[in-house]
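It should be emphasised that the depicted structure is a prediction, and the values quoted were computed from it without experimental measurement. Chain identifiers are assigned alphabetically (A, B, ...) following the order of the sequence lines, protein sequences preceding nucleic acid strands; residue numbering begins at 1 within each chain.
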There are 2 protein chains.
Amino acid sequence: VRADALPGIPEIGAGDDLAALLARAAARIGGLEPTDVLVVAHKAISKAEGRVVALAGVKPGDRARELAAQHDKDARHVQVVLDESAELLRADRGRFIARTHHGFVCANAGVDLSNAPEGHAVLLPLDPDASARRLHAALGCAVVVSDSFGRPWRVGQVEVAIGCAGLSPLEDWRGREDSHGRELHATHIAIADEMAAAADLVRGKDSREPAVRLRGLTARGDGSGKDLLRPLEDDLFR
Amino acid sequence: VRADALPGIPEIGAGDDLAALLARAAARIGGLEPTDVLVVAHKAISKAEGRVVALAGVKPGDRARELAAQHDKDARHVQVVLDESAELLRADRGRFIARTHHGFVCANAGVDLSNAPEGHAVLLPLDPDASARRLHAALGCAVVVSDSFGRPWRVGQVEVAIGCAGLSPLEDWRGREDSHGRELHATHIAIADEMAAAADLVRGKDSREPAVRLRGLTARGDGSGKDLLRPLEDDLFR
């Protein structure tokens, strides 16, 4: 398996044809093949899709103002986080852990002020699977849309999959046997998360390398980033 | 960046010279260079270090018997899990989420009955960093010791780092600027976890490919797998 960042992608703006920009960048390193997996950081997609909010136009409500005062935050930023949240799981010393409307549990419901124009916040795509499907249709390879998430219990962020097209994000090992002929302990491997993590190792974080081509994997099936979401009734850590 | 599984590693037993077996396997694909990172699934290490328990010799105590009855488990297995645990965070429908004595939070405190001889459980290494340091000293490249962990909120397991040598497991982005000249939102990237995940994409799960060579990364610094553990006072999800 090889991982290569796509070079020379310009800063993305609303309405940009991201698929064309990615295809052009990929051509510089030999192009994309149908068996490749392209991992795209969501921020490039969010910007192309116009999922950027000017804080100047946000009117914070009572709850946002209260949380902002308690946590020394910009109330407009907090309002955007609340707008993107289905549930706020924890608010602790300025850290907001929220479940987004899609169902992802992450800091600030994915609302990010870095790598955004001054005074603006970048949101997650409305439907990361749909974004992945559009790129998959245009580029022909499997696509994973990624974001960097923190984790409980572990320090540091890792890149995970929030949408995909042209592959199943989970590899099902149920029924396979170990080297002693017994059923395996690990039943499902979150390969789309592992692909997102692998891609993150080769790209720069300054948003100029939002896409990485993985070659040599065999992407199978077709699934959704939501396949990676644990059902609420199965959630031991709300 | 390239990832290649080391071929032809035999089933490991207690007392085996794992470094020699890994070196021989690596030689078949061109050997190891000092700039390589070798990701080794802990199970090979645990077996070489004799961290395997025969369930027949385990006497379950009252708490293990009670939990086993409640969750339809083998009380001896539960006793081993409790022995390896500093704290049981959740016990729910047969799933035990525990903090190990090292501080890792994972299912069954890392005690695993699959890929183990019949009637035996494989434990985590006593000191995964020390295991990594021994391999690092013998092989010359950076080493990451990995295990597959489940995650709250997300379905499926991913491989993460539980020990390392010859590299810092966290990349510190504090103070670096985004493409707009502002400080980055992501402050620490858990690159050792991302390396473990990347390695998992290329190896078989039947324990016959426990080691993967990553080439083309620049491993820097020297740290511990415990650098990835969030301090207890910073834990929002106990």
Side-chain angles (χ1 to χ4, degrees), chain A residues 1-4 11 90 92 95 97 99 104-105 112-118 148 151-160 169-170 173 176-180 182-191 193-195 197-198 200-202 205-208 214 216-217 227-230 235-237, chain B residues 1-4 11 90 92 95 97 99 104-105 112-118 148 151-160 169-170 173 176-180 182-191 193-195 197-198 200-202 205-208 214 216-217 227-230 235-237:
Chain A
V1 174
R2 274 193 62 91
D4 295 281
E11 184 69 31
R90 298 285 188 283
D92 180 273
R95 291 179 297 173
I97 314 294
R99 188 184 310 275
F104 302 112
V105 177
D112 193 357
L113 303 178
S114 68
N115 279 315
E118 184 69 37
S148 56
R151 298 88 48 87
W153 315 312
R154 295 181 74 77
V155 172
Q157 295 186 296
V158 294
E159 203 78 7
V160 301
L170 288 163
W173 287 79
R176 296 205 206 181
E177 291 176 346
D178 67 16
S179 53
H180 300 271
R182 278 178 307 137
E183 197 158 326
L184 282 170
H185 145 72
T187 55
H188 289 90
I189 313 297
I191 54 168
D193 285 339
E194 294 188 333
M195 291 170 181
D200 199 41
L201 290 171
V202 304
K205 277 291 169 308
D206 64 359
S207 89
R208 295 293 163 94
L214 302 178
L217 296 165
D227 298 343
L228 293 166
L229 298 180
R230 201 177 276 278
D235 180 354
L236 305 182
F237 295 97
Chain B
V1 174
R2 277 194 61 93
D4 294 281
E11 185 68 33
R90 298 284 188 282
D92 180 271
R95 291 179 299 173
I97 314 293
R99 187 184 311 275
F104 302 113
V105 178
D112 193 357
L113 303 180
S114 68
N115 279 315
E118 184 68 38
S148 56
R151 299 88 46 88
W153 313 312
R154 295 181 74 77
V155 171
Q157 294 185 297
V158 294
E159 202 77 8
V160 302
L170 288 163
W173 287 79
R176 295 205 205 180
E177 290 175 350
D178 67 16
S179 53
H180 300 273
R182 278 177 307 138
E183 198 158 325
L184 284 170
H185 144 72
T187 56
H188 289 90
I189 312 296
I191 54 167
D193 285 339
E194 294 188 332
M195 291 170 180
D200 198 41
L201 290 171
V202 304
K205 276 293 168 306
D206 64 359
S207 88
R208 295 293 163 94
L214 302 178
L217 295 165
D227 298 344
L228 293 167
L229 298 181
R230 200 177 278 277
D235 181 352
L236 305 182
F237 296 96

K.L.:
For A:Arg154, is it the side chain, the backbone, both, or neither that has a heavy atom closer than 4.5 Å to a heavy atom of chain B?
P.N.:
both

K.L.:
Highest number of heavy-atom pairs under 4.5 Å with chain B: which of A:Leu170, A:Ile97, A:Asp193?
P.N.:
A:Asp193

K.L.:
So, using salt bridge (charged side-chain N to carboxylate O under 4.0 Å, His left out) as the criterion, who are the partners of A:Asp4 when residues are at least two apart?
P.N.:
A:Arg2, A:Arg213

K.L.:
Who wins among A:Ala197, A:Ala198, A:Pro169, A:Ala3 for the most heavy-atom pairs under 4.5 Å with chain B?
P.N.:
A:Ala197

K.L.:
Check salt bridge (charged side-chain N to carboxylate O under 4.0 Å, His left out) between B:Arg95 and all other residues, then give those that pass, not counting sequence neighbours.
P.N.:
A:Asp234, B:Asp92

K.L.:
Between A:Leu201, A:Leu229, A:Asp235, A:Val158, which residue shows the highest count of heavy-atom pairs closer than 4.5 Å to chain B?
P.N.:
A:Leu201

K.L.:
Please report the shortest heavy-atom distance between B:Arg230 and A:Arg151, naming the atom on each side.
P.N.:
NH2-O, 3.2 Å

K.L.:
Can you tell which part of A:Leu217 gets under 4.5 Å to a heavy atom of chain B, answering side chain, backbone, both or neither?
P.N.:
side chain

K.L.:
Quick check for you: to the nearest 0.5 Å, what is the distance between A:Phe237 atom CZ and B:Arg90 atom CZ?
P.N.:
4.5 Å

K.L.:
Hey, could you give me the CD/CG distance between B:Glu194 and A:Asp200, rounded to the nearest 0.5 Å?
P.N.:
4.0 Å

